[in-house]
Amino acid sequence: MLSGALSRPSLKHLISTCGDPHTLAQIHALMILTGSLSHPQSPGRLIAAYARLGDIAAAQSVFKTTSFPNVSTWNALIIAQSRHNSPAEVLRLYHLMLSDGRVRPDSSTFTVALKACAQLLNLETAEEIKSHAFVSGYEHDVFVCSSLLNLYVKCGKMDEAMKLFDEMPKRDIVSWTTMITGFVNVGRPLKAIGVYRKMQAESMEGDEIVMVGLIQACVAVGDVRMGRSIHGHMVRCCMKMDVVMETSLVNMYAKNGSLELAHLIFEQMPCKNVVSWSALISGYAQNGLASDALQMLVKMQECGLQPDSVALVSALLACSQIGFLKLGKTIHGYIEKRLEFDRILGTAVIDMYSKCGCLSSAHSLFSRVRLRDSISWNAMIASYGAHGRGKEALSIFLQMSETGLEPDHATFASLLSAFSHSGLVEEGRYWFDLMLQKFGIEPAEKHYACMVDLLARAGHVEEAHELIKSMVIKPGIAVWVALLSGCHKHKKLELGEYVAGKVLELNPDDLGIHALVSNVYAAGKKWDKVVEERKAMKKMGMRKVPGYSLVEVNGKLHAFLVEDKTHPQYEKIMEMLERLDYEMRKLGYIPKTEFVFHDLEEDVKERILCNHSERLAIAFGLLNTSPGTRIVIIKNLRVCLDCHDATKYFSKIVNREIVVRDVKRFHHFKDGVCSCGDYW
DNA sequence: ATAGGGTTAG
């Protein structure tokens, strides 16, 4: 009775619509019984159906029991492996098919095989497949050519891709999309937008996937207005929103800092996968909203999703920003248990340990992670630099060179910055020259800024000035401020006033820079200018970022603002600070009130110094940890000279190691001295 | 009949 119902057209229909493996197996059995498997198209259909339901083993077994597989049978299995994301298996089957010799690959076969090459970045095999496809008459096949385009794009060969694209007699939406996303992915978003315009000019309308590419292009060029208009276009055209499109929109708004909007779109997504979550988490983390990022990570887990490495990298970035070592360690443990370390994860963990003050953990992980690229090396160089260990930074740099990796502009920025944090003048001069002469890297503003800082701070103010004069590019504010700082430190007042003028020309919106300018004028007794600067600062002071310090105690983060009286332990903290103040005055401490920029009486200024947020944080740390425990403080501003001085005394009086990370670098205080050697 | 293009990270 059943066999009567299973005439061929309905069998075909049954196979292609069958939704569960059990029914499919029954159909399969019937096909064997009725002999309908001998129909030339049957094995292929059955293989495709098994593959669609995810049963790759059953698909393989159908293939094996087919005595003379034809092209559609071969293709079905090859496509099944491609969908199963096994590109190497695709290529193996492709070669097996060739050596079998009884069938000739067709357009589908070549297309899928080329896709596999693109996934494996295997150009060599691709060239072989390409020539085979071309002599087989598929030179102008739009599928084969699009696959080739994609291959070139994925291998970064945009010139080859462009050449092929121009030669294609027929292009469809996929060929255009491949070029658009290709240019986005090689970092040429403007070119991608140009290709889209050309596509429109040829009366081809973009579809959903094209829009995703364009959104990425907008993210890359930071063009919010265009991004919004594409979003509008998508809505106007009633495009079918799916999780990928929504995720790229969330990402676009998040990257651009419109986190409310990003969050709104995210909330309204009917289906959220790990990638959407990660896009939002990275948006928060990259905009400095560390606690929001970490809250989203928790929510993601509450929704039953396991964070992937991308989400964890963003979470680690958030931990680094706020110095949340406890959580960073937990995430590290999670990675060790459940994931594999790739370069990016490795670098993120290294960076986290370093920024949370644990340089030795950073280095031991660095030695363990074998997959290193220039970014991983650079992270380690920068870590040693930030902790004031310039010699070690150089040694890492030399090790990197030995591996054959070429240093780039970022590597030199980290290296020169490391020298400047350690006052390694000779090394700085030597490597700065070699950067251009041996490595062919033109120094950029950031490199000059490091060198000027290094030279000027070490007293070579004239040499630093000469270096600025020799610059081909226009010196920016960073360079002039570095020189000004040196002038101030070494009492080069005449030059200082000239440089102060240069700095002011560039309209600095940083309170610290105005303070420096004001101090330079004050040293030169230019009182009218001082008054002017103070006025400017008072205006800015209204909207300046308040200083805060973070300290982790017993796995919890505690934040302190300047003069924070709301803290439950405020009384005890003040008692501790008064005791320390008494002790350090006995040892010779004198408050440096010039670092309080208000018109106040001296004793009030001293009181404010005592209330600087890092002092509250240090006192709180001392009160709530056992003797001998190291204390790590994270500051959002530079540590002031007075607090720097006071912390040295604290470390001696209480016999503790105190680590302070300010916006510029790390200070390790121990036995009354700081690792920076007062060179900062 | 089927095959080619899309989302997040250091």
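In this text, all values refer to a predicted model and were calculated from it rather than measured experimentally. Residue numbers begin at 1 in each chain, while the letters A, B, ... track the order of the sequences.
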Trainee: Can I get a per-line list of side-chain donor-acceptor pairs under 3.5 Å for residues 340-347 of chain A, giving both atom names and the distance, sequence neighbours left out?
Mentor:
{"unit_1": "A/D342", "atom_1": "OD1", "unit_2": "A/I344", "atom_2": "N", "d": "3.1"}
{"unit_1": "A/D342", "atom_1": "OD1", "unit_2": "A/L345", "atom_2": "N", "d": "2.7"}
{"unit_1": "A/T347", "atom_1": "OG1", "unit_2": "A/R343", "atom_2": "O", "d": "2.7"}

Trainee: Flag the pair A/E160 and A/K163 as a salt bridge only when some basic side-chain nitrogen lies within less than 4.0 angstrom of an acidic carboxylate oxygen.
Mentor: no
Trainee: Using a heavy-atom cut-off of under 4.0 Å over every strand shown, decide if A/N251 touches base, sugar-phosphate, or nothing.
Mentor: sugar-phosphate
Trainee: My understanding is that only residues two or more places apart in sequence, or in another chain, count here; which of them pass side-chain hydrogen bond (donor to acceptor under 3.5 Å, both in side chains) with A/H363?
Mentor: none
Trainee: Checking contacts here: which listed nucleotide (B/dG5, B/dA3, B/dA9) is nearest the side-chain heavy atoms of A/I209?
Mentor: B/dG5
Trainee: Can you check whether any acceptor in the base of B/dA1 is under 3.5 Å from a donor in the side chain of A/S72, or vice versa?
Mentor: no
Trainee: Using a cut-off of strictly less than 4.0 Å, decide whether A/R83 has a side-chain nitrogen or oxygen near OP1 or OP2 of B/dA3.
Mentor: yes
Trainee: Could you please name the option among B/dT7, B/dG5, B/dA3 that lies closest to any side-chain atom of A/I173?
Mentor: B/dG5
Trainee: Could you note down all residue pairs passing side chain to side chain donor-acceptor pair (under 3.5 Å) where residues 106-116 of chain A supplies at least one of them, sequence neighbours left out?
Mentor: A/N75-A/D106, A/N75-A/T109, A/D106-A/T109, A/S107-A/D141
Trainee: Give a yes or no on whether a donor-acceptor pair under 3.5 Å exists between the nucleobase atoms of B/dT8, that is its base, and the side chain of A/S278.
Mentor: yes
Trainee: For DNA chain B, which residues of residues 349-385 of chain A approach it to below 4.0 angstrom with any heavy atom?
Mentor: A/D373, A/I375, A/S376
Trainee: Among residues 174-188 of chain A, which ones have heavy-atom contacts with DNA chain B below 4.0 Å?
Mentor: A/V174, A/S175, A/T177, A/T178, A/T181
Trainee: Tell me which one of A/I173, A/N150, A/V195 satisfies side-chain contact (heavy atoms from CB on, under 4.5 Å) with A/T178.
Mentor: A/N150
Trainee: If you go through the side-chain atoms of A/D207, does one of them form a donor-acceptor pair with the base of B/dG5 closer than 3.5 Å?
Mentor: yes
Trainee: Would you say A/K154 places a side-chain N or O within less than 4.0 Å of OP1 or OP2 belonging to B/dG4?
Mentor: no
Trainee: Base, sugar-phosphate or nothing for A/Q216? Non-hydrogen atoms, less than 4.0 Å.
Mentor: sugar-phosphate
Trainee: Return the residues of residues 128-149 of chain A meeting this criterion: a heavy atom under 4.0 Å from some atom of DNA chain B. Order them by number, or give none.
Mentor: A/V142, A/F143, A/S146, A/S147
